[in-house]
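To start, the structure itself, in structure tokens.
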Amino acid sequence: MVTRDRDFGLPDEFADDVLDLVDQVPEGMVVTYGDLAEMLGRGGPRSVGRVMSHYGSDVPWWRVIRAGGYPPQGLEDEAVARWREEATPLVGGALGRRVDLKLARWQGPGTP
DNA sequence: GGATTGACCGGAA
DNA sequence: GTTCCGGCCAATC
């Protein structure tokens, strides 16, 4: 009996947990990298960000933002466009480029 | 085995 | 408002 039954098949278990949580984020809401790390109970903001850059293609990555309410670098315009489509609360109105975490922050599964 | 990197965080100047 | 720094964790060279 080995400690890990999944030697291969999945790239890494950590990424699987991250993607699973991001996929549960409802429309009009967002979550920060640091919050995801805390929900998982391990890892850090950097680890989550790295996972997203490689495997985020299969999840609503635009709902994962930085602690300041800003979208990931390189995809700012893409994320803002998605938010306006999903009516995500933005600071300064619908023309804002920053998410209002005070209203749109997803607290975790079971609290949509 | 160490050193570097990455879609980061928070605080200070 | 911006810019700089140290800390954080996992994957990669």
Side-chain angles (χ1 to χ4, degrees):
Chain A
M1 208 69 154
V2 294
T3 51
R4 40 182 171 161
D5 47 330
R6 297 192 267 177
D7 294 308
F8 52 91
L10 288 176
D12 49 294
E13 193 175 298
F14 182 70
D16 189 33
D17 289 340
V18 173
L19 298 174
D20 186 50
L21 267 171
V22 175
D23 190 52
Q24 296 180 47
V25 179
E27 293 184 5
M29 300 200 74
V30 297
V31 58
T32 70
Y33 295 95
D35 284 356
L36 284 174
E38 275 195 35
M39 293 173 191
L40 294 172
R42 59 171 165 196
R46 309 288 311 251
S47 307
V48 176
R50 208 189 62 77
V51 170
M52 293 296 293
S53 66
H54 283 271
Y55 304 97
S57 316
D58 292 318
V59 296
W61 55 263
W62 56 90
R63 293 176 192 158
V64 183
I65 64 177
R66 296 187 270 178
Y70 296 95
Q73 287 186 326
L75 298 172
E76 304 176 351
D77 291 340
E78 286 290 318
V80 172
R82 297 286 187 176
W83 298 341
R84 298 186 73 175
E85 284 185 51
E86 300 183 353
T88 305
L90 301 180
V91 176
L95 299 178
R97 296 185 54 84
R98 171 185 169 204
V99 174
D100 192 343
L101 288 170
K102 189 165 37 192
L103 301 173
R105 192 186 210 180
W106 184 57
Q107 301 180 6
T111 63

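Only heavy atoms go into these numbers, but all of them, side chains included; no hydrogens, no water, no symmetry mates. Below, read A as the first sequence line, B as the second, and so on, with proteins coming before strands; counting in each chain starts at 1.
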Residues in residues 84-99 of chain A with a heavy atom under 4.0 Å of DNA chain C, by number, are none
Discussion item. Tell me which residues in residues 65-78 of chain A lie within less than 4.0 Å of DNA chain C, going by non-hydrogen atoms.
Written reply: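 Those residues whose heavy atoms fall under 4.0 Å from DNA chain C, taken from residues 65-78 of chain A in numerical order, are Tyr70(A).
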Taken in chain and number order and not counting sequence neighbours, the residues that satisfy salt bridge (charged side-chain N to carboxylate O under 4.0 Å, His left out) with Glu86(A) are Arg63(A)
In whole Å, I'd like the distance from the [atom1] atom of [X] to the [atom2] atom of [N].
| X | N | atom1 | atom2 | value |
| --- | --- | --- | --- | --- |
| Trp61(A) | dC8(B) | CH2 | P | 13 Å |
| Phe14(A) | dG6(B) | CZ | C1' | 13 Å |
| Leu36(A) | dC8(B) | CG | C1' | 12 Å |
| Glu13(A) | dC9(C) | CD | P | 18 Å |

- Item | Residue whose closest nucleotide on DNA chain C lies nearer the 5' end, Gly44(A) versus His54(A) |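 The residue mapped nearer the 5' terminus is Gly44(A).
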Would you kindly check whether a donor in the side chain of Arg46(A) faces an acceptor in the base of dC9(C), or vice versa, at under 3.5 angstrom?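 No pair found.
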Shortest non-hydrogen contact between [X] and [Y], atoms and distance:
| X | Y | value |
| --- | --- | --- |
| Ala37(A) | Pro45(A) | CB-N, 4.1 Å |
| Pro72(A) | Val64(A) | CD-O, 3.8 Å |
| Ser47(A) | Phe14(A) | CB-CE2, 3.7 Å |

**Message:** Determine whether Leu21(A) and Trp106(A) satisfy the following criterion, side-chain contact (heavy atoms from CB on, under 4.5 Å), listing intermediate values before the conclusion.
**Reply:** CA-CA 11 Å; Leu21(A) 267 171; Trp106(A) 184 57; 4.0 Å; yes
Spell out, as yes or no, whether a donor-acceptor pair under 3.5 Å connects the side chain of Trp83(A) to the backbone of Arg97(A).
no
Check: Would you say the side-chain atoms of Gln24(A) pair up with the backbone N or O of Asp20(A), donor to acceptor, closer than 3.5 Å?
Finding: yes
*asked:* Can you identify which nucleotide, out of dA10(C), dA7(B), dC8(B), has its nearest atom closest to the Pro45(A) side chain?
replied: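 From the listed options, dC8(B) comes nearest.
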| Options dG6(B), dA11(C), dA7(B), nucleotide nearest the side-chain atoms of Ser47(A) |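 Looking only at heavy atoms from C-beta outward on Ser47(A), the closest nucleotide is dG6(B).
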Span that lies between the C1' atom of dG1(B) and that of dC13(C), in whole angstrom: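 My reading of the C1' atoms in dC13(C) and dG1(B) gives 13 Å.
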Quiz item: Distance from Thr88(A) atom OG1 to Trp62(A) atom CH2, nearest 0.5 Å?
Solution: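 One gets 10.5 Å once the value is rounded to the nearest 0.5 Å.
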**OP:** Check the pair Leu19(A) / Asp58(A) against side-chain contact (heavy atoms from CB on, under 4.5 Å), numbers first and verdict last.
**Re:** CA-CA 8 Å; Leu19(A) 298 174; Asp58(A) 292 318; 5.6 Å; no
